[in-house]
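Contents: one structure, followed by commentary.
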Amino acid sequence: MPRTRLYSLDELDDIPGTKVFRARESRQAYHLHKFCMSLMKAENREAFKADERAYLDQYAMSEEQKQAVLARNLTKLIELGGNMYFLVKIASTDGWSAQKAVSSMSGMSAEEYAQMMLAGGRSPEGLRSIRNKN
């Protein structure tokens with residue numbers, strides 16, 4: 001039986017700054033996610049820390065994904081198909097708190113991000129539907 005959707009998948013791309021993780025992204029980031037999951041073992045974290053590039057080269061990730069890992073650019077990794085539930089393992093390997101990981105994608109320090117959230121969060125102005133002109 002064919003699957004019926006209540007909406008077009010294109011509608012999921014309507015909110016600026018929102019990246020929806022779908023099957024396409026999952027396929028694109030398969031090897032990236034395998035790398036991230038490897039960091040659950042202490043010996044793998046140590047091997048990664050000892051020579052990050054050599055460790056990454058064990059995985060069939062794109063060069064762009066490898067460069068984003070080396071730069072700890074979580075925003076870029078999400079653009080390249082990464083899912084935050086996997087990517088947080090990189091941040092944890094570096095000893096980052098969840099707050100620091102999320103703030104790294106906001107352009108704010110962890111402290112600035114915490115203050116913004118305590119003050120009620122980011123304004124939704126300019127971050128609503130593209131079709132509805134915000």
Side-chain angles (χ1 to χ4, degrees):
M1 171 187 285
R3 185 170 162 184
T4 304
R5 288 196 169 80
L6 300 176
Y7 49 84
S8 161
L9 290 179
D10 292 336
E11 289 182 50
L12 299 175
D13 295 326
D14 189 45
I15 309 298
T18 300
K19 181 72 173 157
V20 178
F21 186 75
R22 307 177 248 210
R24 176 178 55 228
E25 286 77 13
S26 181
R27 286 188 300 274
Q28 178 185 5
Y30 175 79
H31 297 288
L32 169 61
H33 293 154
K34 294 276 289 186
F35 152 71
C36 291
M37 291 303 292
S38 79
L39 297 176
M40 292 184 67
K41 293 184 178 179
E43 61 268 22
N44 292 340
R45 290 190 298 273
E46 291 308 315
F48 174 63
K49 289 179 190 179
D51 189 340
E52 292 184 4
R53 182 62 203 218
Y55 192 85
L56 289 173
D57 285 341
Q58 297 176 67
Y59 294 87
M61 297 161 50
S62 72
E63 183 59 28
E64 197 172 15
Q65 288 170 332
K66 290 176 184 181
Q67 289 301 319
V69 169
L70 293 170
R72 301 305 195 268
N73 188 336
L74 300 180
T75 302
K76 184 67 173 178
L77 287 167
I78 289 172
E79 290 172 15
L80 296 171
N83 181 295
M84 195 60 188
Y85 290 104
F86 293 98
L87 301 178
V88 74
K89 288 161 183 46
I90 302 168
S92 294
T93 296
D94 289 338
W96 291 11
S97 66
Q99 179 178 312
K100 182 173 179 178
V102 173
S103 71
S104 78
M105 296 182 287
S106 70
M108 296 181 231
S109 71
E111 295 76 24
E112 291 168 329
Y113 183 82
Q115 287 304 312
M116 183 261 307
M117 293 304 288
L118 289 169
R122 185 174 291 159
S123 168
E125 292 306 314
L127 298 175
R128 295 189 182 120
S129 169
I130 295 169
R131 274 189 308 283
N132 297 332
K133 309 237 187 302
N134 288 298

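All values reported here derive from a predicted model rather than from experimental measurement.
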Practice task
May I ask you to decide whether Lys100 forms a salt bridge with Asp94, counting only side-chain N to carboxylate O separations under 4.0 Å?
Solution key: no
Practice task
Identify whether the distance between the nearest side-chain nitrogen and carboxylate oxygen of Glu52 and Arg72 falls below 4.0 Å.
Solution key: yes
Which atom of [X] lies closest to which atom of [Y], heavy atoms considered:
X: Leu80; Y: Glu64; result: CD2-OE1, 3.5 Å
X: Asp57; Y: Lys66; result: OD1-NZ, 3.0 Å
X: Gln99; Y: Glu111; result: NE2-N, 4.2 Å
X: Ala29; Y: Gly81; result: CB-O, 3.2 Å

Handout entry: Side-chain touch Ile78/Asn83, heavy atoms, less than 4.5 angstrom
Key = no
Handout entry: Side-chain heavy atoms of Tyr85 within contact of Cys36, under 4.5 Å
Key = no
Handout entry: hydrophobic_cluster_shared for Leu70 and Trp96, side chain cutoff 4.5 Å
Key = yes
Problem - Single-linkage hydrophobic cluster Val69~Val88, side-chain heavy atoms < 4.5 angstrom - result: no
Gap between atom [atom2] of [Y] and atom [atom1] of [X] - 0.5 Å precision:
X: Tyr59; Y: His31; atom1: OH; atom2: NE2; value: 11.0 Å
X: Met108; Y: Met116; atom1: CE; atom2: CE; value: 3.5 Å
X: Leu74; Y: Ser103; atom1: CG; atom2: OG; value: 9.5 Å
X: His33; Y: Gln28; atom1: NE2; atom2: CD; value: 9.0 Å
X: Met84; Y: Thr75; atom1: CE; atom2: OG1; value: 8.5 Å
X: Leu32; Y: Gln65; atom1: CG; atom2: CD; value: 5.0 Å

Exercise for the section: Show the numbers, then the answer: is there a side chain to side chain contact (heavy atoms under 4.5 Å, CB included) between Thr93 and Asn44? Expected result: CA-CA 10 Å; Thr93 296; Asn44 292 340; over 6 Å; no
Practice task
Classify the side-chain pair Gln67/Glu63 by whether it contains a donor and acceptor separated by less than 3.5 Å.
Solution key: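 Looking only at side-chain atoms, Glu63 and Gln67 do form a donor-acceptor pair, the distance falling under 3.5 Å.
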Exercise for the section: Would you check if the side chain of Arg45 reaches a backbone N or O of Leu39 as a donor-acceptor pair within less than 3.5 Å? Expected result: yes
Handout entry: Within 6.0 Å of NZ in Lys34, more than 12 heavy atoms from elsewhere
Key =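 Open: at most 12 neighbouring heavy atoms sit under 6.0 Å from NZ of Lys34.
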Practice task
Could I get the full list of ring-ring contact (aromatic ring centres under 6.0 Å, His included) partners for Phe48, not counting sequence neighbours?
Solution key: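 By the ring-ring contact (aromatic ring centres under 6.0 Å, His included) rule, Phe48 matches Phe35, Tyr55.
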